[in-house]
Amino acid sequence: MIPLADRLDFTNEQKWQARWEAAHAHDFDEADTAKPVYSIDTPPPFTSGDLHMGHVLSYSYFDFVARYKRMRGFNVYYPQGWDCQGFPTETKVEAKYGRKPPEEFRKLCIEWTHACIGRMRAQMNSLGFSPDWRYEYRTMDPSYHKLVQKSILQMYESRQIYRGEHPVFWCPSCQSALAKTDTEDVERQTQLHDIKFQLELDDGKEGGNGKGNEGGAEGGKPRLLDIAIATTRPELMHACVAVLFHPEDARYKDLKVKSAISALGAKVPFKPDADVDPLFGSGAVMVCTFGDKQDVVWMYRHKLPIIRALDERGKIINAPAKESEASPSASSWPPGLLLNGLSIFDARSKLLERFKSEGKLLSSKPLTQVVKVHDRCKKPIELSLSWQWFAKITENREKIVAAARQMRWAPEFAISYLEDWANFVEWDWVISRQRIFGTPLPFWYCVKCDQTVPAQESELPVNPPALEKKCPACQSSLVPESSTCDCWVDSSITPLAISKWGEDSKFFKRTYPASLRPQGVEIVRTWAFYTIYRCLELTGKPPFGELLLNGNVLAPDGKKMSKSLGNIIAPDKLLADYGADCIRIWAALSGAMARDRPFSYQDVQYAKSFLNKLLNAGKLVGKSIEGYKPDDADEKHLRPIDKYFLHRLNEVVHECAVAWGDFEFHRITKAVQEFFWHEFCDYYLEYVKYRIYAEGTDKETQQSKRAAQYTLHAVYKTTLLLLAPIAPHSSEELWQMFSAGESDFISKHAYPTPDQKFAHEKSVPAGQLLAQVISAIRQEKASRKLSLNSPIAKLELVLPEEQAAHLKSIEDEIKAAGRVEKIEVKEGEELKVVFA
RNA sequence: GGACCCGUGGUGGAAUGGUUAACACGUCUGCCUUACACGCAGAAGACUGAGCGUUCGAUUCGCUCCGGGUCCACCA
């Protein structure tokens with residue numbers, strides 16, 4: 001018997017982590033082709049340098065699963081990667097080193113990221129996570145770039161990826177494209193102007209003077225109807241490409257309109273659209289390219305033409321420079337109105353003045369609106385057209401949803417996030433970013449031939465700006481693509497990366513699709529959606545069997561953890577205060593899936609108490625079974641109460657088996673804890689002490705002792721096995737009591753499964769009666785303020801006849817655990833104890 | 001504004017179409033009983049967010065409302 005520590009000592013955890021690593025206890029066994037493979041497509045965390053509690057929660061989840069599956073005989077493939085590239089790193093590196101040329105900057109980003117990974121990997125190890133680090137990957141590695149580029153080329157080949165013009169956020173002041181994260185919302189005061197447009201009606205009637213008065217009948221002109229259009233951006237008027245109204249708007253829905261005529265005389269379509277707010281202004285809205293994001297939505301939806309209204313400096317362009325150049329659709333551009341080259345502000349006042357003089361400015365009133373500004377320069381941003389790369393998600397939405405439905409989602413409702421997104425998505429996925437620290441897009445362009453030249457597969461990984469190329473057709477120099485991939489392009493092929501897609505077909509066949517994809521519920525629309533799409537396109541097969549979704553960890557106050565609120569819980573601090581197993585038990589107890597839960601110190605504290613209990617009970621059990629070798633022959637001498645506890649143990653084993661199937665970690669933990677602590681420790685250990693401590697050498701005493709040892713051994717050992725995936729360090733430490741040596745890890749043993757031989761249904765009434773009697777005695781002692789070990793000379797036990805039948809089999813336990821010398825039974829309605 | 005999730009003793013959270021609704025923390029009262037005071041025993045504390053409906057019966061099913069959260073969109 002290896003001596004156990006007096007107190008819970010979680011510094012032992014590092015010892016076990018080192019031993020597991022040295023013994024390769026969690027390695028995927030590539031050579032073993034007999035065992036079924038269970039592969040986990042773990043989320044590569046963004047390499048910020050620190051794990052947060054959300055990571056701790058979700059990574060604990062699938063570490064439980066990995067450890068459990070290993071114990072169930074699976075060959076578990078559990079790699080861990082890192083999502084390295086992206087804007088936050090660029091920001092931090094720039095803040096530290098300032099702006100640098102791209103190559104140098106990228107090197108600094110890589111260096112920075114390696115340092116971050118080092119810290120995060122150490123944190124993962126101290127939490128006892130058990131990935132197979134031999135398969136570690138980083139999205140910034142050349143080998144990963146190669147894979148991403150290969151996937152891009154294949155999707156380009158199959159026409160899933162194309163280049164097109166697309167509006168992006170643009171800062172006219174800094175002259176740079178921005179990601180959404182570069183923007184912030186600012187509330188400001190502006191003017192809302194009602195401007196007169198006209199509708200050209202096509203209802204057989206004829207209009208008169210074009211002023212909208214009905215019923216006139218002069219000449220063959222179409223009838224015109226005046227309407228008001230509300231806008232805060234009159235300077236974009238020349239880019240007006242449509243006027244929309246709500247389909248149920250009674251003012252417009254029954255009109256037969258040929259076209260709308262803008263205040264600048266352009267004829268544009270007049271169409272219904274459900275996104276128009278009929279209560280705003282006149283209920284008619286002009287669509288310009290691009291006043292705001294809604295305009296972009298409408299532009300795609302109604303296939304409207306694009307007129308660039310502003311250049312990269314935010315100056316007006318594409319308005320007629322001379323009167324003779326009035327746009328073709330404008331039947332009557334106002335004479336002398338020259339806007340090109342003016343700033344937004346100047347153009348606006350010039351136009352408003354003009355409209356006012358023409359009577360087209362119907363009203364102006366103040367409006368509070370929220371505008372997007374560049375977070376650095378605080379200047380309002382514009383949407384600007386630029387060449388970008390796209391992936392065709394809109395035409396594949398049904399396919400993606402169908403594939404998602406083939407997978408099992410835990411919990412089920414989480415699939416609705418994906419379905420909603422698929423139904424809602426308005427335009428294709430923009431996969432290019434004008435950033436430096438990202439996977440380069442492997443393309444060149446020939447300006448002369450107007451053609452796109454993809455990289456050769458043999459050239460991968462490739463950074464186009466670093467490789468000069470000639471056009472295969474005309475031999476002129478190609479222009480390299482300098483954009484990089486959106487980070488989701490990298491992470492949406494993790495199931496392919498880990499399964500060595502395109503490199504090792506045998507390995508791929510064994511590990512793809514991944515058995516499990518664990519992830520946060522908030523990235524179903526991105527990570528899950530894009531992964532399903534891309535992997536489906538690239539392999540023809542859905543990427544995973546089931547998905548396990550986790551929610552977010554909130555601060556103890558129920559709010560989102562944030563630096564500004566100062567309510568962040570740091571994993572390192574918790575680790576120092578409680579150790580990994582307590583944190584893991586906390587995670588298991590937070591197991592309400594895909595739901596947010598506040599962090600709870602109570603849970604960690606409770607976990608600590610429980611592990612302490614487990615240790616102390618282990619000391620008693622260890623002492624009690626010292627020198628005992630389990631022997632099935634002892635089963636013959638089991639007392640009814642032994643059978644009852646083996647029966648209960650078996651029920652708990654069964655409950656755990658069911659709960660594992662549903663990833664209900666809290667049920668597993670709760671079931672084991674309650675049984676072990678409040679049944680086994682609080683009752684059984686007290687029942688058997690008299691047998692364990694018995695000195696008698698007679699056969700009967702020895703048999704009874706051995707039967708108790710048999711039961712203690714079975715319950716304690718099984719409990720450790722049940723907990724091993726959740727609290728691996730503590731169970732490993734305590735397992736030494738049963739183990740053959742240091743390399744006999746608990747994780748190498750089979751997870752308990754229900755065993756019919758322990759199903760002692762008949763022992764249940766006696767077991768329950770004993771608990772009731774002991775509880776009644778304790779209650780009586782408490783009410784008399786007696787200590788629990790105070791002896792009772794004579795106990796009067798009142799109980800109904802049907803219960804009395806079971807009394808005989810538990811009399812010894814009542815006497816021993818209750819310190820009762822003599823029992824006198826009386827018949828009565830309900831159970832009662834009297835101290836005589 | 002849209003979709004989804006949640007609303008149970010002071011706190012965190014289980015469970016079930018049917019007698020007194022787990023468990024933990026906290027509180028109160030005893031007890032240092034030879035594994036454990038990070039413990040043991042006992043006690044108090046909940047009309048299960050509000051209102052309808054289905055049902056013999058609902059906390060559990062349906063609807064409405066109120067409150068909280070997450071993701072998305074955000075306004076001419």
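- Atom name P, nucleotides B/G17 and B/U59: the rounded distance is 14 Å, in whole Å.
- Nucleotide B/A35 is matched to nothing when pairs are restricted to Watson-Crick or G-U wobble geometry with both distances under 3.5 angstrom.
- The nearest whole Å value for the distance from the CD atom in A/Glu679 to the P atom in B/C23 is 11 Å.
- Rounded to an integer number of Å, the gap from A/Leu589 CG to B/A14 P is 10 Å.
- By the 4.0 Å N-to-carboxylate-O rule, A/Glu821 lies too far from A/Lys815 to be salt-bridged with it.
- Taking only side-chain nitrogens and oxygens, A/Tyr601 never comes nearer than 4.0 Å to OP1 or OP2 of B/A24.
- Here A/Asp682 lies in heavy-atom contact (under 4.0 Å) with sugar-phosphate atoms only.
- Nearest-nucleotide positions on RNA chain B for A/Ala782 and A/Leu192 put A/Ala782 closer to the 5' end.
- Spacing between atom CZ of A/Phe610 and atom P of B/C25 amounts to 13 Å, rounded to whole angstrom units.
- A cation-pi geometry, defined here as NZ or CZ lying under 6.0 Å from the six-membered ring centre and within 45° of its normal, holds between A/Arg778 and A/Tyr683.
- Between the CZ atom of A/Arg667 and the P atom of B/U16 there is a distance of 8 Å, rounded to whole Å.
- If you check B/A41 for Watson-Crick or wobble pairing at under 3.5 angstrom, you find it paired to B/U29.
- The side chain of A/Asp277 sits closest to B/C75 out of B/U33, B/G39, B/C75.
- Within the nucleic acid shown, A/Val276 comes within 4.0 Å of at least one base atom, counting heavy atoms only.
- A distance of about 15 Å separates the P atoms of B/C66 and B/G51, rounded to the whole Å.
- Ranking B/G13, B/A43, B/A35 by closeness to the A/Gln779 side chain, first place goes to B/A43.
- At the phosphate of B/C40, neither OP1 nor OP2 sits under 4.0 Å from any side-chain N or O atom of A/His678.
- Residue A/Ser609 places at least one side-chain N or O closer than 4.0 Å to OP1 or OP2 of B/G39.
- For A/Trp421, taking side-chain heavy atoms from C-beta onward, the closest of the listed nucleotides B/C72, B/C4, B/C36 is B/C72.
- Within 4.0 Å of A/Leu685, counting heavy atoms only, lies at least one base atom of the nucleic acid.
- Rounded to an integer number of Å, the gap from A/Arg525 CZ to B/U70 C1' is 10 Å.
- When heavy atoms are screened at a 4.0 angstrom cut-off, A/Lys781 is found touching no nucleic acid atom at all.
- For A/Lys623, counting side-chain heavy atoms from C-beta on, the closest listed nucleotide (B/A35, B/A41, B/G13) is B/A35.
- Both distances falling under 3.5 Å, in either a Watson-Crick or a G-U wobble arrangement, place B/G1 opposite B/C72.
- With both ends at atom P, the span from B/G13 to B/G7 equals 10 Å, rounded to whole Å.
- Between A/Asn612 atom CG and B/C25 atom P the separation is 13 Å, expressed in whole Å.
- Only the C1' atoms considered, B/C75 is 27 Å distant from B/C5, to the nearest whole Å.
- Ring geometry for A/Tyr684 against A/Phe645 counts as tilted: the plane angle lies between 30° and 60°, on a 0 to 90° scale.
- One atom, CH2 of A/Trp677, and another, C1' of B/A35, lie 13 Å apart when rounded to the nearest Å.
- The backbone N or O of A/Pro278 lies less than 3.5 Å from a partner atom in the side chain of A/Arg251, making a donor-acceptor pair.
- Between A/Tyr716 and A/Phe676, the ring planes lie tilted relative to each other; the angle falls in the 30° to 60° range.
- Among the protein residues, A/Glu686 comes within range of the nucleic acid bases, having at least one heavy atom under 4.0 Å from a base atom.
- Base-pair partner of B/G7: B/C66 (Watson-Crick or G-U wobble, both distances under 3.5 Å).
- Closest contact between the side chain of A/Lys613 and the listed nucleotides B/C36, B/C75, B/C38 involves B/C36.
- Atom name P, nucleotides B/G49 and B/A58: the rounded distance is 15 Å, in whole Å.
- Side-chain N/O atoms of A/Ser775 include one lying less than 4.0 angstrom from OP1 or OP2 on B/G42.
- Using a 4.0 Å heavy-atom cutoff across all strands shown, A/Leu712 reaches no nucleic acid atom at all.
- Residue A/Phe424 places its side chain closer to B/A73 than to any other of B/A73, B/C31, B/C23.
- Within 4.0 Å (heavy atoms only), A/Cys288 reaches no atom of the nucleic acid at all.
- Comparing A/Gln605 and A/Arg778, the nucleotide of RNA chain B nearest to each residue sits closer to the 5' end for A/Gln605.
- Of the candidates B/A73, B/A41, B/A15, B/A73 carries the atom nearest the A/Lys293 side chain, counting heavy atoms from C-beta on.
- Distances shorter than 4.0 Å separate none of the side-chain N or O atoms of A/Trp586 from OP1 or OP2 on B/G12.
- A/Asp662 and A/Arg408 are joined by a salt bridge, as a carboxylate oxygen and a charged side-chain nitrogen come within less than 4.0 angstrom of each other.
- For A/Phe413, whose side chain is taken as the heavy atoms from C-beta onward, the closest listed nucleotide among B/U34, B/C5, B/C25 is B/C5.
- Across the P atoms, B/C47 and B/A35 are found 43 Å apart, a figure rounded to whole Å.
- B/A14 and B/C6 have their P atoms separated by 10 Å, given to the nearest Å.
- Counting to the nearest Å, the P atom of B/G39 and the CG atom of A/Leu615 are 13 Å from each other.
- Closest contact between the side chain of A/Lys670 and the listed nucleotides B/C23, B/C4, B/A35 involves B/C23.
- Using a distance-only test at 3.5 Å, with no hydrogens or angles considered, no donor-acceptor pair links the side chain of A/Lys365 to the main chain of A/Gln191.
- Listed nucleotides: B/A35, B/U33, B/C40. Nearest to the side chain of A/Leu620: B/A35.
- Across all strands shown, B/U55 forms no Watson-Crick or G-U wobble pair with both distances under 3.5 Å.
- A perpendicular orientation is assigned to the rings of A/Tyr601 and A/Phe599, their planes being inclined by more than 60° (bins at 30° and 60°).
- To the nearest whole angstrom, the two C1' atoms, one in B/U55 and one in B/G62, are 12 Å apart.
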(request) Could you go through the ring pair (Phe, Tyr, Trp, His ring centres under 6.0 Å) check for A/Tyr252 and A/Phe270 one step at a time? (result) CA-CA 10 Å; A/Tyr252 309 114; A/Phe270 185 70; 5.7 Å; yes

